[in-house]
Amino acid sequence: MSNDASTSNSSAPVPVPYEPLAIEKKWQALWSERGTNQVDMDGAPDPFYALMMFPYPSAEGLHVGNLFAFTGSDISARYHRLLGKNVFQPFGYDAFGIHSENYALKKGAHPMEMTPQNIANFQRQIERAGLMIDWRSRVDTSHKDYYRWTQWVFLQLYKQGLAYKKAAAVNWCPNDKTVLANEQVENGLCERCGTPVEQRFLEQWFFRISAFCDRLLQNLDWLDWSPTTKQAQRNWIGRSEGAELTFSIQHSGEQVRVFTTRADTIYGATYLVLAPEHPLVQAIATDAQREDVVAYQERAQKQDIITRKSVQDKTGVFTGAYATNPATGAPIPVWIADYVLMEYGTGAIMAVPGHDQRDFEFANVFALPIIRVVAGADDDANTPIGEHAFTDYDHTRLVNSGRFNGLNVSDAKIQATDWLAAEGHAKPVVNYRLHDWCISRQRYWGPPIPIIYCDACGPVPVPEKDLPVELPFIQDFKPDDSGVSPLARHEEWYRVPCPNCGAMGRRETDVSDTFLDSAWYFLRYPSAQNDQVAFDKTRTAKWLPVDSYIGGNEHAVLHLLYSRFVTMVLKDGGHIDFEEPFTKFRAHGLIIREGAKMSKSKGNVINPDEYMEQWGADAFRMYLMFLGPYEEGGDFRDQGISGVRRFLDRLWGSVRDARADGAPDADVIRKLHRTIKKVGEDCASLSYNTAIAAMMEYINVVRRAERVGHRDEVLPLVQLAAAFAPHLAEECWEHLGQTGSVFDGGWPVFDAAQLVDNEVDITVQVNGKMRGQVRVAADATQDTVLAAAMLETNIAKFVVSDVKKVIYVPKRLLNIVVAHLGSEPDTKILPS
RNA sequence: GCGAGCGUGGCGAAAUUGGUAGACGCACCAGCCUUAGGAGCUGGCGGGGCAACCUAUCCCGGUUCGAGUCCGGGCGCUCGCACCA
């Protein structure tokens, strides 16, 4: 330390600008040497699994957003460690997949060579930030020791009949030249590169996540997760209850099934609409209309997804056919239109133009009949529908609906479904918007899907003993438009004998989605050093499910949903005995800069290295946690760091100057106990910003009026600050003569007796307005407080008429209610 | 359109869950110390007013002794879903 002159004058403590670079380097080396961050995986009596979302190791290096996320997790983990738990906090790299491959392509490098470099760089930055990581358990999803087990997970799904191949319309990104899962398409754009997604009809591997809709939905009721995340999953699963109704086509006799949530409006169904791609369209269309129908189908097919799925002017074509409305027996025309989507429900609807806005618009374009079957506020069955479909039916009843007239909508739904069901025209069904997870990727950098096709045996799973199916090193890994992976160019790799019959077969050349890698990594961590199994039974039972998971909400319907699904599958397969991987999940907020998301194009990206260099990792960590509520994020502004750094300087100065002689100050100690309580509560609820504020408040009390703090006043503060500024805390701990790591020193316990006040300041109001304060004994009665208050002229002068009422909240406030409510004090005010 | 969340000084934000609005920090102002200060220390800091006080949490209403907090209506912002039947 350079500034020693300051300590020679022992009367006034001076913040000592400590040297973070030296201190941080020292402690990182000691942690590593002493294994401070390692936990006894098998012997730990009180295991606590703290998980943070592992990053994709981008070549640009660590982003402040990453560090914000990691630091918040790390503080939580360290806090639990201080509480005495055996905390396991692992780290790893989501290095396999399109993100890494794209970067390599851009740089003209090979992902197999570039990924290790990126990881090394990331690792350096992570270590510098001082996270409490047990590095023995590090995983790298692109390493064969990892993806071998990713392939094993695929095989478990396959065994359980949950992995299947089908030809289907899939999302194709023409830029990334691969198919995408629905979850990876945002508003019709590729979530990676923003390119409009096209439809292609390809044969792909899917996971049957749709079979888990109800389970995925129901468990959300008890999971301790951020409400926003749960809501996002609920929306994505998109459950809706309704009925499937069957309409017969006249003459052709075809049966068309439609899904509706409004079976009650069956009497208002004046036409049917099929999606243009609906398989029955050809069979239904009459010869006279066929030409128009085919033309419309072609037109719809050419439309891009964004246009197709956005609200646009209604178009459509009459098929020439009529169906019978099962309720009325009336013939209703059958149309095709692009506003009906093949992928939802049955790909066909019954149109009720009176009570559905889309049907209403369509009916107006083509002059189709509109019938009111739900009365409006006027309760008149004959009021015309008006400008918009009538959908506000909370307090009204059915009309023009035969036997259902007079029922309210919800009763009518049930009765209509029952009645039609009895006739064989309906069954109640539940529909979901969640579709099966398409996991094939026509790319190079991922785990090859472990399947071999054999002419005789069909698709044969690679035997588990033959795993991994290693990804070969190939130079020409660039994806193309062919709809198959670059691996398909390498016969020497894909030509292999069938494991079943020995005849020459062909490997599946697609790789699996990156999100499969990350859907089970939390299971791998505790067993990362075990090359015999994907995850060891005993270890898994001891450490899982994860106690605390903290991460970004952008993965609400991707990683978090897939992980839940895979966990359920593994449970059903008998591999684990829990079906929810993350009992507690908290979503952190986003760091923005000057009100905008950080992005390279805006040039407002923060490089954490520079800040850690200038201010120290501890100050930078603490600043990130101080700039706003952790679960909401905040605006990064350079100037803010100095305040946090000042706090750390003061802390260090107080530790340096602390006196050991004499007794600590009683008032300071009382403040200390309050601070211990506050910081503990705030750490538990991730309210890091207010925890830091409380510590600042406390050190300001310790140092008030240039006083020198007592050792017993500052040592507990070092413990409270340890989770936030671990390096400096260790240095302080050592300086104060403590042995071992501060993280094994426990969490200070507050003394409840110290929280109790003998005397309190009572706020005195007159008619609800604050007029003064009186200091009284904590257990003072209302009369005592009132008497004391009336002795204060500044209060008494407002009590100008009879006291009507007195409200007394012990230890807090006294409100004197007088007759002249709301008027100004009408007596002369006494000059004080 | 449906669902969730939010709206407080110049700025980032607090508020014991209905009880002194603005803790803590940044910025700013004044003073001390200093050869110097981009260091440190002390004090000030929502707006108006010399003051007593008045006024103030997006807007309008309500409940209450008392509302940033609860209720009704409106405006605005963020996020998720969305021609989803």
Side-chain angles (χ1 to χ4, degrees), chain A residues 3 6 12-17 186-187 227-238 240 242 258-262 273 308-312 314 337-341 343-352 356-359 361-362 391 431-433 553-554 556-557 590 623 626-629 632 634-644 646-647 649-650 653 678 681 687 689-697 700 703-706 761-773 794 797 804-807 809 811-818 821 824-825 829-832:
Chain A
N3 209 345
S6 57
V14 169
V16 184
E186 291 174 353
N187 299 321
T228 49
T229 315
K230 289 197 195 186
Q231 197 54 43
Q233 291 210 350
R234 288 199 179 99
N235 286 342
W236 188 258
I237 296 168
S240 73
V258 307
F259 174 72
T260 180
T261 55
R262 295 296 309 278
V273 189
R308 173 70 187 270
K309 290 196 178 175
S310 59
V311 180
Q312 48 180 332
K314 296 290 174 287
D338 61 8
Y339 81 94
V340 174
L341 306 173
E343 71 222 42
Y344 186 77
T346 60
I349 61 157
M350 67 175 203
V352 184
D356 180 283
Q357 184 59 25
R358 295 152 302 176
D359 299 344
E361 287 165 16
F362 189 85
T391 50
N431 229 306
Y432 301 91
R433 78 179 284 302
N553 227 0
E554 70 273 15
V557 295
L590 284 179
Y623 172 60
F626 187 58
L627 51 66
E632 286 167 35
D635 205 349
F636 186 97
R637 290 171 322 121
D638 300 15
Q639 298 157 324
I641 304 184
S642 59
V644 167
R646 229 186 307 266
F647 165 75
D649 286 340
R650 286 174 180 169
K678 172 76 175 154
E681 287 166 358
S687 308
N689 56 334
T690 49
I692 294 166
M695 290 189 276
M696 287 172 164
E697 225 178 293
N700 290 345
R703 301 171 65 88
R704 178 178 293 158
E706 306 193 28
D761 288 315
I762 301 285
T763 297
V764 182
Q765 300 181 334
V766 179
N767 285 0
K769 281 196 188 250
M770 213 274 276
R771 294 304 183 188
Q773 284 192 327
N794 284 330
K797 69 188 179 189
K804 278 169 56 182
K805 191 173 175 183
V806 175
I807 283 106
V809 182
K811 296 182 191 173
R812 206 145 280 168
L813 147 152
L814 183 82
N815 189 8
I816 304 166
V817 185
V818 300
L821 196 74
E824 294 299 303
I829 293 161
L830 302 167
S832 45

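Residue numbering restarts at 1 for every chain, and letters A, B, ... go by the order of the sequence lines. We use all heavy atoms of the structure for the numbers below, so side chains are in, but hydrogens, waters and symmetry mates are not.
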May I ask which nucleotide in the shown strands pairs with [N], Watson-Crick or G-U wobble, both distances under 3.5 Å?
{"N": "rC6(B)", "answer": "rG76(B)"}
{"N": "rU42(B)", "answer": "rA30(B)"}
{"N": "rC70(B)", "answer": "rG62(B)"}
{"N": "rG25(B)", "answer": "rC11(B)"}
{"N": "rA51(B)", "answer": "none"}

Considering only the [atom1] atoms, how many Å lie between [N] and [M], rounded to the nearest integer?
{"N": "rG74(B)", "M": "rG80(B)", "atom1": "C1'", "value": "24 Å"}
{"N": "rC84(B)", "M": "rC75(B)", "atom1": "P", "value": "24 Å"}
{"N": "rU64(B)", "M": "rA14(B)", "atom1": "P", "value": "32 Å"}
{"N": "rA21(B)", "M": "rU69(B)", "atom1": "P", "value": "14 Å"}
{"N": "rC41(B)", "M": "rU34(B)", "atom1": "C1'", "value": "12 Å"}
{"N": "rA67(B)", "M": "rC59(B)", "atom1": "P", "value": "15 Å"}
{"N": "rC11(B)", "M": "rA27(B)", "atom1": "P", "value": "15 Å"}
{"N": "rC33(B)", "M": "rG37(B)", "atom1": "C1'", "value": "11 Å"}

Without decimals, in angstroms, what is the distance between [X] [atom1] and [N] [atom2]?
{"X": "E343(A)", "N": "rA85(B)", "atom1": "CD", "atom2": "P", "result": "13 Å"}
{"X": "N767(A)", "N": "rC65(B)", "atom1": "CG", "atom2": "P", "result": "11 Å"}
{"X": "K230(A)", "N": "rG3(B)", "atom1": "NZ", "atom2": "P", "result": "19 Å"}
{"X": "D359(A)", "N": "rC84(B)", "atom1": "CG", "atom2": "C1'", "result": "12 Å"}
{"X": "N431(A)", "N": "rA85(B)", "atom1": "CG", "atom2": "P", "result": "8 Å"}
{"X": "F362(A)", "N": "rC84(B)", "atom1": "CZ", "atom2": "P", "result": "15 Å"}
{"X": "D356(A)", "N": "rA85(B)", "atom1": "CG", "atom2": "C1'", "result": "6 Å"}
{"X": "R433(A)", "N": "rC81(B)", "atom1": "CZ", "atom2": "C1'", "result": "6 Å"}

Exercise. What are the two closest non-hydrogen atoms of Y344(A) and S240(A), and how far apart are they?
Worked result: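 Where Y344(A) meets S240(A) most closely, the heavy atoms are OH-OG, 3.0 Å.
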
Exercise. Between L814(A) and V806(A), what is the shortest heavy-atom contact and its length?
Worked result: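 Result for this residue pair: CD1-CG1, 3.6 Å.
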
Exercise. Does E681(A) have any salt bridge (Lys or Arg N to Asp or Glu O under 4.0 Å) partners at least two apart in sequence or in another chain, and if so, which?
Worked result: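 With sequence neighbours excluded, E681(A) shows a salt bridge (Lys or Arg N to Asp or Glu O under 4.0 Å) to K677(A), given in chain and number order.
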
For this session: List in chain and number order the residues that pass salt bridge (Lys or Arg N to Asp or Glu O under 4.0 Å) with E697(A), two or more places apart in sequence or in another chain; answer none if no residue qualifies.
Result: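 Here the qualifying residues are K671(A).
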
Exercise. With sequence neighbours left out, what residues match F259(A) under ring pair (Phe, Tyr, Trp, His ring centres under 6.0 Å)?
Worked result: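 Scan of F259(A) (ring pair (Phe, Tyr, Trp, His ring centres under 6.0 Å), adjacent residues dropped) gives none.
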
Problem set entry | F647(A): partners by ring pair (Phe, Tyr, Trp, His ring centres under 6.0 Å), with sequence neighbours left out |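 In terms of ring pair (Phe, Tyr, Trp, His ring centres under 6.0 Å), with neighbours along the sequence ignored, F647(A) is linked to no residue.
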
Every protein N/O lying under 3.5 Å from an N/O of nucleotides 77-80 of chain B:
{"unit_1": "rG80(B)", "atom_1": "N2", "unit_2": "N235(A)", "atom_2": "ND2", "d": "3.4"}
{"unit_1": "rG80(B)", "atom_1": "N3", "unit_2": "N235(A)", "atom_2": "ND2", "d": "3.2"}

Problem set entry | Reference residue V764(A); test side-chain contact (heavy atoms from CB on, under 4.5 Å); the match among I816(A), L813(A), N815(A) |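 The option that passes is I816(A).
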
Problem set entry | Contacts of E343(A) that satisfy side chain to side chain donor-acceptor pair (under 3.5 Å) - sequence neighbours left out |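 Expected list: K309(A).
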
For this session: Name all residues meeting the side chain to side chain donor-acceptor pair (under 3.5 Å) criterion together with S642(A); count only those two or more places apart in sequence or in a different chain, and write none if there are none.
Result: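 Applying side chain to side chain donor-acceptor pair (under 3.5 Å) to S642(A) gives none.
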
For this session: With syn defined as a glycosidic angle within 90° of 0 and anti as everything else, classify rG66(B).
Result: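 Here rG66(B) takes the anti form, which means its glycosidic angle is more than 90° from 0.
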
For this session: State the syn/anti category of rU55(B) according to its glycosidic angle, syn meaning within 90° of 0.
Result: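 rU55(B): anti.
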
Problem set entry | Short side-chain N/O contact to rC83(B) OP1/OP2 from K309(A), under 4.0 Å |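 Answer no for this pair, as no side-chain N or O of K309(A) is under 4.0 Å from OP1 or OP2.
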
For this session: Could you tell me which residues satisfy side chain to side chain contact (heavy atoms under 4.5 Å, CB included) with D761(A), sequence neighbours excluded, listed by chain and number?
Result: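 Applying side chain to side chain contact (heavy atoms under 4.5 Å, CB included) to D761(A) gives Q773(A), R775(A).
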
For this session: With heavy atoms under 4.0 Å as the rule, sort R234(A) into base, sugar-phosphate or nothing.
Result: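 Here R234(A) touches no strand at all.
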
For this session: Remember a base hit wins even if backbone is also touched, and classify V806(A) as base, sugar-phosphate or nothing at under 4.0 Å, heavy atoms.
Result: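 Touches nothing.
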
For this session: Starting at the 5' end of nucleotides 14-28 of chain B, put B wherever the base has a protein heavy atom under 4.0 Å, S where only the sugar-phosphate does, and a dash everywhere else.
Result: S-B--BB--BBBSS-

For this session: Step by step, work out the side chain to side chain contact (heavy atoms under 4.5 Å, CB included) result for D338(A) and Q312(A).
Result: CA-CA 10 Å; D338(A) 61 8; Q312(A) 48 180 332; 4.0 Å; yes

